[in-house]
Amino acid sequence: MANHDEPGAPNQTRATASPALRARFAPSPTGYLHVGGARTALFNWLLARSRGGCFILRIEDTDLQRSSEEMTRVILDSMRWLGMDWDEGPFFQSQRLGLHRRTVERLLSEAKAYPCFCPPQRLEESRRAAEREKRAWIYDRTCLGLTAEEALQRRRAGVPGLVRFRVPEGETVFQDLIQGEIRFDNRLIEDFALQRSDGMPTYHLSVVSDDIDMRISHVIRGADHISNTPKQILLYEALGQAVPEFGHLSLILGPDRKRLSKRHGATAVEHYRTQGILPDALINYLALLGWSPGGDREVMAAAELVERFDLSRVNKANAVFDVAKLEWFNAQHLQQMEIGKLTERVRNEFFENGLLDRVFASEPAQMEAAVALLRSRCKTLHDFSRWGRAFFLEEFEIDPEGRKKYLSDPAIFPVMQELAGRYLALAEFSLASTEQVLRDLAAERGVKPGALIGAVRVALTGNAVAPGLFEVMLHLGRERTVARIRRSAAAP
RNA sequence: GGCGCUAUCGUCUAACGGUUAGGACGCGGCCCUCUCAAGGCUGAAAUACGGGUUCGAUUCCCGUUAGCGCUACCA
């Protein structure tokens with residue numbers, strides 16, 4: 001078995017209850033990790049973890065033109081960020097060419113595959129003609145009748161050739177773990193390529209060779225692979241190998257019910273990470289997109305997903321990706337997360353924005369208090385730095401709307417000044433006393449309490465919308481509270 | 001065009017022949033309240049269509065329609 005272990009990659013072998021189960025995720029590094037890919041990975045991961053099996057990561061990089069190391073790195077990062085740890089790999093398909101080559105040789109020597117020298121242009125024209133006339137087209141087996149000698153001659157003459165699989169007669173049937181029984185008439189399956197004329201293996205050949213070599217028992221992948229499955233089963237049979245279990249996941253659709261793609265906007269896992277989405281929330285949302293544990297519980301941690309996961313409860317129909325619901329899950333996880341952990345994430349959020357050194361509330365306890373005040377109002381990590389700034393930083397913007405609504409009438413300024421003075425003189429700066437003082441003052445001056453509260457809220461937080469005002473005061477402390485009220489009351 | 005898969009509220013889904021078709025997101029209303037959230041209560045909202053099978057179909061079968069996928073010397 002080839003190996004290419006990344007330093008730092010999880011690679012421990014688990015004690016397995018059913019050592020037979022081996023699942024894998026096999027992305028091709030032609031782009032970032034797509035949410036669809038992430039869901040495929042997740043279902044494999046959940047299956048392996050829930051059944052004490054092994055989760056293997058394999059990078060299918062045999063398309064040398066489109067694959068890049070950079071993309072491999074991004075995919076691995078996204079996997080790690082989501083918390084999907086793997087037991088073996090990552091293996092790189094491009095480093096396993098010897099195995100693929102030997103597999104082709106074997107098939108060739110057993111006459112289960114044959115060389116084909118048909119000029120690609122001819123095939124292409126014929127295919128296009130068929131399409132124009134709306135006829136089905138499959139390779140016509142011109143080269144199947146070639147004798148060994150003829151083949152050798154052409155090869156010597158330098159005619160480029162590929163290797164095709166000889167599809168046997170009959171019908172290929174399999175029990176899909178998700179879709180149920182699926183059958184294909186072999187007459188509709190063409191003699192597909194195993195090896196390109198440049199000697200590189202094709203997808204079908206390399207997946208099957210690798211899955212056999214890695215003793216994969218469960219192939220869980222997207223429904224777009226359903227029609228590839230009979231070809232691959234035929235290969236297993238030709239190689240005299242046991243056919244693994246297959247499970248085809250429905251596809252994730254955009255709001256227009258087309259397959260989710262960049263056209264719909266954000267599809268990269270990386271995007272959601274930078275948008276302040278929690279990995280647990282994304283995992284939770286993705287798991288429930290197509291799977292239901294039954295019952296009414298929806299908000300679950302990864303451990304609970306693992307515990308309750310059951311492939312037989314996976315839905316067959318395609319599902320539309322709904323960002324609003326993802327955000328709701330995120331808010332739920334934000335609410336339920338242990339406060340210390342959440343504070344750590346928020347701290348990181350400020351760090352990534354280059355703000356951390358200016359955060360006055362950098363003492364863990366103080367920062368935690370701010371997070372506790374804000375969390376029920378935040379849907380993403382971003383919201384903490386977006387409109388919760390005044391809770392962490394001395395410099396913050398006054399929202400123009402807020403100013404207009406509560407600070408446009410200068411009559412409020414002297415009242416605010418008086419309030420600041422009274423707060424300064426207050427024996428005990430508490431929740432009850434600050435509120436009492438404010439309400440008393442409002443009554444004395446004939447100001448509506450709401451107007452004064454609003455003005456002070458804008459002064460303290462820069463916003464007309466914020467957590468409970470007196471809690472905010474306590475969080476900021478007497479000095480900051482007084483200073484901010486005076487600052488706003490003094491402003492023209 | 002061929003082949004394959006799918007079909008419950010706008011969206012994600014539950015109901016494995018008998019339910020006032022349940023829950024969640026989103027949307028509306030009410031409560032709570034210093035604003036906004038959160039929370040609680042509540043409202044509108046679905047079995048694509050047509051045939052069977054059955055005492056009885058969301059559920060089983062067939063067809064229609066629609067959607068999606070595949071149809072490469074990509075993966």
Side-chain angles (χ1 to χ4, degrees), chain A residues 26-30 60-63 65-67 93 116 118 120 123-124 127 130-138 160-164 176 179-180 182-185 188-190 192-204 206-207 222-230 248 250-251 253 255 257-259 285 288-299 313 315-329 331-332 335 374-379 383 387 402 405-406 435 438-439 448-454 456-458 461 463-470:
Chain A
S28 74
T30 53
E60 310 221 317
D61 57 348
T62 48
D63 183 349
Q65 273 82 20
R66 296 197 298 151
S67 300
Q93 204 156 53
C116 168
C118 293
L123 264 25
E124 187 52 35
R127 192 160 22 228
E131 196 179 332
R132 239 179 290 122
E133 296 160 34
K134 301 206 177 295
R135 275 180 7 244
W137 187 92
I138 64 172
L162 69 156
V163 177
R164 287 184 186 275
D176 191 282
Q179 308 284 343
I182 299 180
R183 35 200 340 142
F184 288 88
D185 185 338
L188 271 9
I189 304 173
E190 76 170 339
F192 54 95
L194 298 175
Q195 189 176 82
R196 302 181 253 230
S197 47
D198 64 2
M200 287 293 281
T202 64
Y203 165 70
H204 293 298
S206 47
V207 215
D224 49 340
H225 284 289
I226 290 177
S227 31
N228 290 329
T229 307
H248 289 93
S250 64
L251 267 16
L253 274 23
R257 298 211 138 261
K258 300 275 180 218
R259 189 178 178 168
Y285 174 68
L288 261 33
L289 202 56
W291 169 67
S292 164
D296 290 347
R297 250 180 98 63
E298 290 203 313
V299 179
R313 290 192 62 95
N315 212 58
K316 301 201 259 189
N318 292 344
V320 174
F321 192 79
D322 181 5
V323 183
K325 186 145 187 183
L326 168 60
E327 285 180 346
W328 176 79
F329 271 107
Q332 292 297 311
Q335 256 44 257
L374 291 167
R375 76 193 309 191
S376 74
R377 278 154 265 255
C378 291
K379 268 186 146 55
D383 291 338
W387 65 269
K405 191 164 180 193
Y406 291 108
E435 178 159 10
L438 183 142
R439 290 190 186 276
K448 273 194 265 180
L452 185 54
I453 286 173
V456 174
R457 170 175 289 115
V458 174
T461 69
N463 256 300
V465 167
L469 183 64
F470 307 101

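Letters go in sequence order (proteins before strands), and every chain restarts at 1.
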request  = With the side chain counted from C-beta on, respond yes when A:Asn228 and A:His204 share a heavy-atom pair under 4.5 Å apart, and no when they do not.
outcome  = yes
ask   = Does A:His248 offer a backbone N or O that forms a donor-acceptor pair with the side chain of A:Asp176 under 3.5 Å?
value = yes
message = Which nucleotide, if any, forms a Watson-Crick or G-U wobble pair with B:U20, using both distances under 3.5 Å?
response = none
query = Mind checking the P distance from B:C55 to B:C12? Whole angstroms is fine.
reply = 36 Å
remark   = The Watson-Crick or G-U wobble partner of B:A48, with both key distances under 3.5 Å, is B:U64
task = Would you check if A:Ile453 and A:Arg439 make a side-chain contact, meaning some heavy-atom pair closer than 4.5 Å?
result = yes
ask   = Which residue lies toward the 5' end of RNA chain B, A:Leu326 or A:Ala317, if each is placed at its nearest nucleotide?
value = A:Ala317
ask   = Taking the same atom, C1', in B:C34 and in B:C27, what whole-Å distance lies between them?
value = 27 Å
query = Watson-Crick or G-U wobble partner for B:U53, using a 3.5 Å limit on both distances?
reply = none
inquiry  = I'd like to know whether A:Tyr406 forms a side chain to side chain contact (heavy atoms under 4.5 Å, CB included) with A:Val456, so could you lay out the CA-CA distance, the side-chain angles of the two residues, the decisive distance to 0.1 Å, and finally the verdict.
reply    = CA-CA 8 Å; A:Tyr406 291 108; A:Val456 174; over 6 Å; no
task = Check the pair A:Ile138 / A:Ile189 against side chain to side chain contact (heavy atoms under 4.5 Å, CB included), numbers first and verdict last.
result = CA-CA 7 Å; A:Ile138 64 172; A:Ile189 304 173; over 6 Å; no
Interatomic distance at P, B:G10 relative to B:U19, whole Å = 23 Å
query = Could you give the CZ-to-C1' distance, from A:Arg313 to B:C16, as a whole number of Å?
reply = 9 Å
note = The reported gap from CG in A:Asp383 to CZ in A:Arg375 (rounded to nearest 0.5 angstrom) is 14.0 Å
inquiry  = Within the structure provided, determine whether A:Tyr285 and A:Glu298 are in side-chain contact (heavy-atom separation under 4.5 Å).
reply    = no
note = Any strand, both distances under 3.5 Å, Watson-Crick or G-U wobble: B:C3 pairs with B:G69
A:Arg257 vs A:Val320, side chain to side chain contact (heavy atoms under 4.5 Å, CB included): CA-CA, chis, key distance, verdict = CA-CA 7 Å; A:Arg257 298 211 138 261; A:Val320 174; 3.8 Å; yes
query = If we take the C1' atom in both B:U47 and B:G22, what is their distance in whole Å?
reply = 13 Å
Whole-angstrom distance between B:A44 and B:C60, as gauged at atom P = 29 Å
inquiry  = Roughly how many Å apart are B:A24 and B:C41, using the P atom of each and rounding to a whole number?
reply    = 9 Å
message = Taking only the P atom of each, what is the distance from B:C32 to B:U8 in whole angstrom?
response = 40 Å
query = What is the minimum heavy-atom distance between A:Trp137 and A:Ala130, and which atoms define it?
reply = CB-CB, 3.5 Å
request  = Specify the separation, in whole Å, of atom CZ of A:Phe321 and atom P of B:U13.
outcome  = 13 Å
message = What is the separation between atom CZ on A:Phe184 and atom P on B:C3, rounded to the nearest whole Å?
response = 12 Å
ask   = Is B:C30 paired to anything, Watson-Crick or G-U wobble with both distances less than 3.5 Å, and if yes, which nucleotide?
value = B:G40
task = Using Watson-Crick or G-U wobble geometry with both distances below 3.5 Å, tell me the partner of B:U58, or none.
result = none
Base-pairing mate for B:C9 - Watson-Crick or G-U, with both contacts under 3.5 Å = none
Protein-nucleotide distance (A:Leu289, atom CG; B:C25, atom C1'), rounded to Å = 12 Å
message = Classify A:Gln179 by what it touches in the nucleic acid, base, sugar-phosphate, or nothing, heavy-atom distance under 4.0 Å.
response = sugar-phosphate
query = Between A:Asn315 and B:A14, does any side-chain N or O lie under 4.0 Å from OP1 or OP2?
reply = yes
query = With a non-hydrogen cut-off below 4.0 angstrom, is A:Arg132 in contact with a base, only sugar-phosphate, or nothing?
reply = nothing
request  = Pick the C1' atom in B:A37 and in B:A45, then give their distance to the nearest Å.
outcome  = 26 Å
Side chain to side chain contact (heavy atoms under 4.5 Å, CB included) evaluation trace for A:Gln179 with A:Ile182 = CA-CA 8 Å; A:Gln179 308 284 343; A:Ile182 299 180; 3.8 Å; yes
request  = Whole angstrom is fine here: how far is it from CD in A:Glu327 over to P in B:C12?
outcome  = 17 Å
remark   = Per-nt protein contacts along nucleotides 67-75 of chain B (heavy atom under 4.0 Å; B base, S backbone sugar-phosphate only, - none) come out as SSSS-SBBB
query = Tell me, for nucleotides 26-38 of chain B in 5' to 3' order, what letter each nucleotide earns: B for a base near a protein heavy atom under 4.0 Å, S for only sugar-phosphate near one, - for neither?
reply = --------BBBBS
Pair A:Arg127 + A:Glu131: basic N to acidic O under 4.0 Å = no
